[in-house]
2 protein chains.
Amino acid sequence: MAVTIRDVARASGVHVSTVSRTFSAPHLVSAETRNRVLAVAEGLGYRPNRAARALTTGRTHNLGLIVADIANPFFPPLIKAAQEQARERDYHVFVADTDENPLLEQELIEMLSKQVDGVLLCSPRLSNRMIERLRAQVPFVVVNRQVKGLPTVLMDVGQGVRAAVEHLAALGHRRIALLSGPSGSWTSEEMHDAATAAADGAGVELDVLRPNDPTERGGLSAAAAVAESGATGVLCYNDLVALGLIEGLRERGLTVPGDLSVIGVDDSLPGRLNRPKLTTITMPTAAAGRMAVDLLLAAVNAGDTGTPTLARLETRLIVRESTTAAAGAPLPA
Amino acid sequence: MAVTIRDVARASGVHVSTVSRTFSAPHLVSAETRNRVLAVAEGLGYRPNRAARALTTGRTHNLGLIVADIANPFFPPLIKAAQEQARERDYHVFVADTDENPLLEQELIEMLSKQVDGVLLCSPRLSNRMIERLRAQVPFVVVNRQVKGLPTVLMDVGQGVRAAVEHLAALGHRRIALLSGPSGSWTSEEMHDAATAAADGAGVELDVLRPNDPTERGGLSAAAAVAESGATGVLCYNDLVALGLIEGLRERGLTVPGDLSVIGVDDSLPGRLNRPKLTTITMPTAAAGRMAVDLLLAAVNAGDTGTPTLARLETRLIVRESTTAAAGAPLPA
DNA sequence: GTGAAAGCGCTAACAG
DNA sequence: CTGTTAGCGCTTTCAC
């Protein structure tokens, strides 16, 4: 067995509770005793057992982070930022991948609930009803979806989408296609609404197309429909879809941005490294991860009272190389 | 407070120990009692508290997974596979990012050690000495580095590197550059040794160049050196470096594979999506993640006795579009 | 097959 | 400021 509080107490000639206090409420211990205990603990290599502590305090100092797909380049920066922020606040984080499967998501939440002080739900696939039922078991913060009454971190794609549509319109594109994402995706709905409004405002046509899949495969298989739509500008659900689309268009002899202008979402690594460099909408995923951790910790420590917070993070368009003036249209001044 | 074993006991008219057995040793309970307890537990929404269980059993059913950089596309598939494998075996996993910082790595291991049954160390930056010291606190499995006496999962880059060098030689490249990785990287050493031997065997020149950084920036800033080296074939530490290099070369008016052939390592998403599609060496990261979990669990359950295991996973060359015959050389039959 | 009792490592009143 | 006592939720002998 590892060294416990009892070993330290014995070796430093004090009672266990004094050792306990040395670690969890140092100011209640005389400097002299404290130093002695600390020295002994150090020497013995003592580490408080957090699980045991959790049993009495009711605080595990652990968080759960549940994402749909770790391998989707959208998530790693968020995961990285979240676990870093948590660590700085002395929390550890369980990361679990639901494989886009709502049932698994629910099961994971339930399994984890006893072991964490709160759960970060990123782009959950669970129904709102289910989420509201589960919240009795453990505090949540939801990222990238709006659930009534829960603290939420939203990345305001609408902003970026409007800018994107206006950008395309300014380049002379009169017909724009929107390759939207999986049904049930909050982001996809937001994009749809913002794009519709912006297209209306800019006086351009908007075709809404639905790929199978929020990945390069989805984009690839949507290429035919895009080509037939007559659109010269395309806004994609994410960078992966955009990259797949570009590939699919190329297979049809269409070039980007020569024949069509394409815009992605996420500002992901593959998009930045692609040729042409992808024009895209930034998603502040790292900031969202940090903010979500802070909101969760606040909810945990405040005991879930108070108005549920809603953090809206800004997105913006980054113009790179995959968009240019429509054929026959003059470059804007 | 959540519902405990005591609530279930009371509600089903049995002693707590019977409820306990129903969950942890069902065969010791009569079918009748068991069903009743189960039904009551279900109704009450009871979930065993794993932390409390850990206190008596000494098994947390948690694992730690420590990686250098979650955002590096090499890791997400490994993380995903590892946590999935763990989940199937009823384990949860803490994921922690060390930011390539050995001190942080050590601290994370120590903090996590009491809370997990074992730790997966991926591409650790810690010294061997330190790792050996820490192993007293918690069982390890090391991925992508060889530490004497510890269970290890290695991806045999050497294999792929030999194939890569031979591939370049067969295409008529007489001078090959190796853009190796950070010092202290086991993979980089392996690549170096294998490349040297293979170049020797194939009768081609090998230049070894050291980029700053195992990322696209490293490749970008190595472009000048590569161009000056006179090499017509380049093997890079990873896909990111390769992609950065290609970009840097292009800025110098050099095209790939027209002027130089470039090979990466990892078979990562950005490489697959790039144009030209990157010729690369597969790293079976997902398999490594699964295998590492199994080795760790075996070590944990065997009590760390027995010969430390060494799993060597195969790598292979995937020829895509970034390599072609050297200028003036005929395509091989 | 089930109950009683002790204890895992730690914290939290309560005394003193 | 420090020791005493009880107990967190669960498992595990040991009886019966």
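Just so it is clear: chains get the letters A, B, ... in the order the sequence lines come, proteins before strands, and each one is counted from 1.
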Notebook entry, point to check: Atom CD of Glu32(A) and atom C1' of dT2(D): how far apart are they, to the nearest Å?
Noted result: 13 Å

Check: Expressed in whole Å, how much space separates the P atoms belonging to dT5(D) and dA6(C)?
Finding: 16 Å

Item checked: Passing option when Val37(B) is tested against Thr33(B), Val40(B), Asn35(B) for side-chain contact (heavy atoms from CB on, under 4.5 Å) -> Thr33(B)

Check: Can you tell me how far P of dT11(C) sits from CG of Leu55(A), to the nearest Å?
Finding: 11 Å

Next item on the list: Output every pair passing ring-ring contact (aromatic ring centres under 6.0 Å, His included) with a member in residues 98-117 of chain A, not counting sequence neighbours, ordered by first then second residue.
Entry: none

Item checked: Nearest-0.5 Å distance that lies between atom CG in Leu65(B) and atom CG in Asp97(B) -> 10.5 Å

Check: Whole Å only: how far is the CZ atom of Arg36(A) from the P atom of dC1(D)?
Finding: 14 Å

Notebook entry, point to check: Taking the six-membered ring for Trp, are the ring centroids of Phe23(B) and Tyr46(B) within less than 6.0 Å of each other?
Noted result: yes

Check: Quick check: does any side chain N or O of Ser24(B) sit under 3.5 Å from a backbone N or O of Ser20(B), one acting as donor and the other as acceptor?
Finding: yes

Next item on the list: Find which nucleotide of DNA chain C each of Lys114(B) and Leu28(B) is nearest to by heavy atoms, and output the residue with the more 5' nucleotide.
Entry: Leu28(B)

Next item on the list: Answer yes or no: are there more than 12 heavy-atom neighbours, outside Glu32(B) itself, under 6.0 Å from its atom CD?
Entry: no

Margin query: Can you identify which nucleotide, out of dG9(C), dC10(D), dG1(C), has its nearest atom closest to the Thr33(B) side chain?
Written below: dG1(C)

Margin query: What is the distance, to the nearest angstrom, from the CZ atom on Arg59(A) to the P atom on dC8(D)?
Written below: 18 Å

Next item on the list: For Asn49(B) and dC10(D), give me the distance from atom CG to atom P, rounded to whole Å.
Entry: 5 Å

Notebook entry, point to check: Can you give the dot-bracket line for DNA chain D, using ( ) for pairs inside the strand, [ ] for pairs that cross earlier ones, | for pairs with another strand and . for unpaired bases, where Watson-Crick and G-U count if both distances are under 3.5 Å?
Noted result: ||||.|||||||||||

Margin query: In this structure, how many angstroms lie between the C1' atom of dG3(C) and the CZ atom of Arg6(B), rounded?
Written below: 14 Å

Notebook entry, point to check: What is the distance from CZ of Arg50(A) to P of dG9(D), rounded to the nearest Å?
Noted result: 20 Å

Checklist line | Charged N-O contact under 4.0 Å between Arg125(B) and Asp99(B) | finding: no

Checklist line | Least distance between heavy atoms, Leu104(B) atom then Thr98(B) atom | finding: CD2-O, 3.6 Å

Item checked: Euclidean distance, atom CZ of residue Arg10(A) to atom C1' of dT2(D) [Å, nearest integer] -> 18 Å

Note to self: Leu121(A) and side-chain contact (heavy atoms from CB on, under 4.5 Å): which single residue from Val141(A), Ile109(A), Val67(A) fits?
What the structure shows: Ile109(A)

Next item on the list: Assign a letter to each nucleotide of nucleotides 11-16 of chain D from its 5' end: B, base within under 4.0 Å of a protein heavy atom; S, sugar-phosphate only; -, no contact.
Entry: BBB---

